[in-house]
Amino acid sequence: MADFDFDAVVVGAGAVGLACGHALSRRGLTVAVLEAEAAIGQGVSSRNSEVIHGGLYYPTGSLKARLCVAGRRALYGFLESHHVDFDRCGKLVVATSADEVGRLDDIWAQARTNGVEGMDRLTRAQALALEPELACEGALISPNSGVFDSHGYMLALQGEIEAAGGAVVLSTPFEGAAPIEGGGFAVRAGGAEPARLTCRYLVTAPGLSAQAVAASIEGFPAGEIPKGHYGKGMYFRLAGKAPFRRLIYPPPIHGALGTHYRRDLGGQAVFGPDLHYVETLDYSVDPGMRGAFAAYIRKFWPAVPEDALTPDYAGIRPKLHGPDEPQPDFRLDGADLHGLAGLVALFGIESPGLTSSLAIGEEVAARLGV
Ligand SMILES: Cc1cc2nc3c(=O)[nH]c(=O)nc-3n(C[C@H](O)[C@H](O)[C@H](O)COP(=O)(O)OP(=O)(O)OC[C@H]3O[C@@H](n4cnc5c(N)ncnc54)[C@H](O)[C@@H]3O)c2cc1C
């Protein structure tokens, strides 16, 4: 059997790459996580809602449905045992008009199929008893949804990988790999100290660079690389007291869960993300969107003071579908698709990727047969 520098190399130190590194190092493998940036978690994992999703919406039998529910259960335990801050505040999915009431039934039925625990249906009066400033025609409550400190979580994952003898190597972009005859990969890494290293297993979790990274692996069939799209989402923050304790979500829009309300761990109210397809990684927030945000928020919070909404930040979703196409599942592509034994290539890890991350790591390890 060939000797390898590492049992496994993971590309990308976002929440998902780190969770994959953790799952592999837990199984006794030596792991190197290569990260292009000078710090972990600077990509999609740093620009999102930090919501722990229940797993309500995702289609029956999809990876999103299964890995979100499993990932959420595992995540609370991990956060607790690693003293990472979270708030299991619960979430209300609200019907903001009479014609949205039927959608709550559909979401509840899907949540039951997905095995989401503790869900219940609330009348308008019951919802308002919980959140007096709310306007709605009825609601669903998901008590196990919450918010968490995603950066603290990623630091804890890094700590676990390093404690197991693995390495998270910063400022070290993966530049390509070639399969080794007899198994494994020869990896080229750049940066100030370019390196060549070998590994038995390769996992690519580079978020928005998934297509470029796959294309840099010798023998990866170009026809198996799914087309990527950028789905930008902007957030506005409220200057003033947060109006609700729980997460508030109107029913999903096409292609995303849509603008929602959360009270972050600092106690501040944040609204977003909307969805715009963009061609470049442009993280600006257009102050001109304030009116559109206020109009949307007013549907569930009539008293929203428009002047108190301030542009906050934006994130970009690594999407695999265009605006008018159906939203596909996560892709954790193995040798059955690309033909390269020992490689799992991740594509389209948009929401609920953060919530699912620990379960994605376990699934990747299972697909590698370790
Ligand atoms: C607006 C928005 C809101 C969201 N809200 C939620 C939410 O509330 N809850 C939830 O569960 N999910 C949410 N998500 C989804 C979640 O944020 C992502 O699924 C998750 O963060 C993806 O993590 P990742 O590790 O795959 O990607 P990333 O965090 O982007 O990590 C990829 C890493 O790879 C590195 N990299 C890229 N190329 C290379 C290379 N060649 N060599 C080395 N390193 C490289 C990057 O620098 C980066 O650090 C949201 C996403 C968005 C955009």
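Just so we're clear, the structure is a prediction, and the values are computed from it rather than from any experiment. In each ligand, atom 1 is the first atom listed, and ligand 1 is the first ligand listed.
Remark: the backbone N or O of R237 is paired with a side-chain donor or acceptor of T310 at under 3.5 angstrom. Counting only distance, with no hydrogens or angles, the side chain of R290 and the backbone of L309 share a donor-acceptor pair below 3.5 Å. Of the possible donor and acceptor atoms, one in the side chain of H260 sits under 3.5 Å from a partner among the backbone N and O of G258.
The distance from ligand 1 to the heavy atoms of G17 drops below 4.0 Å at these ligand atoms: 25 (O). For ligand 1, the atoms sitting less than 4.0 Å from at least one non-hydrogen atom of E37 are 47 (O), numbered in the order shown with element in parentheses. Of all atoms in ligand 1, numbered sequentially from 1 with element shown, those under 4.0 Å from a heavy atom of V213 are 41 (N). Heavy-atom contacts of E50 reach the following atoms of ligand 1: 8 (O) (cutoff under 4.0 Å). Interface of G207 with ligand 1, defined as ligand atoms under 4.0 Å from a residue heavy atom, comprises 27 (O), 30 (O), 32 (C). Every atom of ligand 1 with a heavy atom of I316 under 4.0 Å away is listed here by number and element: 53 (C). Against a heavy-atom cut-off of under 4.0 Å, R47 is close to the following atoms of ligand 1: 1 (C), 2 (C), 52 (C), 53 (C). Counting atoms of ligand 1 from 1 in the listed order, those under 4.0 Å from a heavy atom of P173 are 42 (N), 43 (C).
Between W301 and F244, the ring-plane angle classifies as perpendicular under the 30° and 60° cut-offs. Note: H82 and F78 have parallel aromatic rings, judged against thresholds of 30 and 60 degrees for the angle between ring planes.
Of the N or O atoms in V51, one or more lie within a sub-3.5 Å distance of an N or O in ligand 1. The shortest N/O to N/O separation between E350 and ligand 1 falls below 3.5 Å. Of the N or O atoms in S49, one or more lie within a sub-3.5 Å distance of an N or O in ligand 1.
Under 4.0 Å from ligand 1, not a single heavy atom of L346 appears. Looking at A205 against ligand 1, only its backbone comes within 4.0 Å, counting heavy atoms. Heavy atoms of Y235 found under 4.0 angstrom from ligand 1 belong exclusively to the side chain. Proximity of H53 to ligand 1, defined as any heavy-atom pair under 4.0 Å, is confined to the side chain (atoms from C-beta onward). If you look at A15 next to ligand 1, the close heavy atoms, those under 4.0 Å, all belong to the backbone. Contacts with ligand 1 closer than 4.0 Å are made by backbone heavy atoms (N, CA, C, O) of L34 only, the side chain lying farther away. With a 4.0 Å heavy-atom cut-off, ligand 1 is reached by no atom of I52.
Aromatic pair F148/Y153: ring centres closer than 6.0 Å. Under the 6.0 Å cut-off for aromatic ring centres, F271 and F236 do not qualify, their centroids lying 6.0 Å or more apart.
The nearest protein atom to atom 40 (C) of ligand 1, hydrogens excluded, is given as F174 N, 3.8 Å; this is a heavy-atom distance. Protein heavy atom at the shortest distance from atom 36 (N) of ligand 1 is P206 CB, 4.0 Å. Regarding atom 34 (O) of ligand 1, its nearest protein heavy-atom neighbour is G12 CA, 3.2 Å. If you check which protein heavy atom lies closest to atom 19 (O) of ligand 1, you get I349 O, 2.7 Å. Nearest protein neighbour of atom 44 (N) of ligand 1, counting heavy atoms only, is A36 N, 3.1 Å. Closest protein heavy atom to atom 30 (O) of ligand 1: V44 N, 2.8 Å. The shortest contact between atom 50 (C) of ligand 1 and any protein heavy atom is with N48 CB, 3.4 Å. Among protein heavy atoms, the minimum distance from atom 21 (O) of ligand 1 is reached at S45 OG, 2.9 Å.
Between I161 and L18 the shortest side-chain heavy-atom distance falls below 4.5 Å.
The option with the heavy atom closest to atom 16 (C) of ligand 1, from among V11, I360, T355, L354, is L354. The option from T204, V16, V10 that lies nearest to atom 26 (O) of ligand 1, judged by heavy atoms, is V16.
Atom OG of S145 is separated from atom OH of Y249 by 7.5 Å, given to the nearest 0.5 angstrom. Here CZ of R88 is found 8.0 Å from CD1 of I52. Values are rounded to the nearest 0.5 Å.
Ion pair R245/D87 flagged as a salt bridge, since at least one NZ, NE, NH1 or NH2 atom sits closer than 4.0 Å to an Asp/Glu carboxylate oxygen. One finds a salt bridge joining E362 and R26 here, because a Lys/Arg side-chain nitrogen approaches an Asp/Glu carboxylate oxygen to under 4.0 Å.
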side-chain hydrogen bond (donor to acceptor under 3.5 Å, both in side chains) between S97 and E137, worked out: CA-CA 6 Å; S97 63; E137 299 294 328; over 6 Å; no

Assess the residue pair E117 and R73 against the criterion (salt bridge (charged side-chain N to carboxylate O under 4.0 Å, His left out)); give the C-alpha distance rounded to whole Å, side-chain angles, the decisive distance to 0.1 Å, and a yes or no. CA-CA 10 Å; E117 320 83 335; R73 290 176 186 149; 2.5 Å; yes

Run R196 and E175 through salt bridge (charged side-chain N to carboxylate O under 4.0 Å, His left out) and show every step you take. CA-CA 10 Å; R196 299 279 179 278; E175 291 184 341; 5.6 Å; no

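For the residue pair T280 / D282, no side-chain donor-acceptor distance below 3.5 Å is found, with atom types taken as modelled.
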